[in-house]
*Asks:* 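My structure is below; once you've seen it, I'll send some questions.
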Amino acid sequence: MIRLGVNIDHVATVRNARGEPFPEPVAAAHAAVLGGADQITVHLREDRRHIRDLDVELISSGVAVDLNLEMACTDEMIAIAKEIRPDHVCLVPERREEVTTEGGLDVAGNQDLIAKTVGELKTAGIGVSLFLDPDEQALLAAGEVGADAVELHTGRYANAKGEGAVMRELLAVRKAATTGKQLGMRMHAGHGLDYRNVWRIASLPEIEELNIGFAIVSRALFTGLTSAVREMRDEMLRARELVRDDL
Ligand code: PXP
């Protein structure tokens, strides 16, 4: 099975652009669930540029599927997570000036802080994943800090040009996924996945969950969000079926 987490940050981006109360992220979450989303993913950034605290609360209390909260490893965010208690937290690096999350967490360089945060969140009953580049050393470090899961950053795969480069990046994701799974962690992936490139990642049997935002919200402008989510889910499941046929 492969799960789809739908990231609805950019619904909030549109809302905030005009300072109006709409479009509402919680309404988007309901529409995504109708299209088959297995979870709703939101990133509460330090500068609140899109998702705000109230959005997280409303989605957490009112939406039927799991909530996956992406957040930086800061005291403020840890306190919010303990208060709201999302089903899952994905720890991400965060820099104010970036347009989107640009790279994976440096686990080895922040081992004590990350291990402490993972422990605190797990004690609060929250599953913890780490957003990592598909890199062997990063996976080994993740195993050391007790993470339940790893979300592999697929940005390099998504941006690769030409079949050779695409296959190289895909192989890096596969290798990292194999290592992570051997270490007992669940393997997720996300960033830059769209309707054309998702199938190769979805066909990796080690990957159990994809978190996808920008491509789905963009397509939703033309087809509606429920339909955009359903189409993405269909693409993922078709890729998975092909693998099963090959076995
Ligand atoms: N996963 C993580 C950890 C992210 O930071 C993001 C971007 O917010 C996504 C997935 C979704 O990326 P995209 O919007 O490119 O699908």
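Atoms within a ligand are numbered from 1 in the order they appear, just like the ligands themselves. Treat the numbers as computed from the prediction; the structure is a model and nothing was measured. By convention here, the first residue in the shown sequence is residue 1.
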*Asks:* Please identify each residue that fulfils salt bridge (charged side-chain N to carboxylate O under 4.0 Å, His left out) with Arg186, with sequence neighbours left out.
*Replies:*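 Result, salt bridge (charged side-chain N to carboxylate O under 4.0 Å, His left out) vs Arg186: none returned.
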*Asks:* Tell me, which residues have any heavy atom less than 4.0 Å from some atom of ligand 1?
*Replies:*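 Around ligand 1, where the cutoff is 4.0 Å for heavy atoms, the contacting residues are Asn7, Asp9, Glu70, Val92, Thr100, Thr101, Phe131, Glu151, His191, Gly192, Asn211, Ile212, Gly213, Phe214.
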*Asks:* Whether Arg15 and Glu20 form a salt bridge (side-chain N of Lys/Arg under 4.0 Å from carboxylate O of Asp/Glu) is what I want to check.
*Replies:*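 Salt bridge flag = no for Arg15 with Glu20.
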*Asks:* Who clusters with Val92? Use side-chain heavy atoms, under 4.5 angstrom, across I, L, V, M, F, W and Y, and order the result by chain and number.
*Replies:*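 Grouped by the 4.5 Å side-chain rule, Phe131 form the rest of the cluster around Val92.
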*Asks:* Is Glu151 paired with Arg3 through a side-chain N to carboxylate O contact shorter than 4.0 Å?
*Replies:*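 Not counted as a salt bridge, because no side-chain N and carboxylate O are separated by less than 4.0 Å.
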*Asks:* Does Arg200 make a cation-pi contact with Tyr157 (under 6.0 Å, within 45 degrees of the axis)?
*Replies:*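 Judged by the rule (NZ or CZ under 6.0 Å from the ring centre, within 45° of its axis), Arg200 is not positioned above Tyr157.
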*Asks:* Please name all residues satisfying salt bridge (charged side-chain N to carboxylate O under 4.0 Å, His left out) with Glu76, sequence neighbours left out, ordered by chain then number.
*Replies:*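 Expected list: Arg48.
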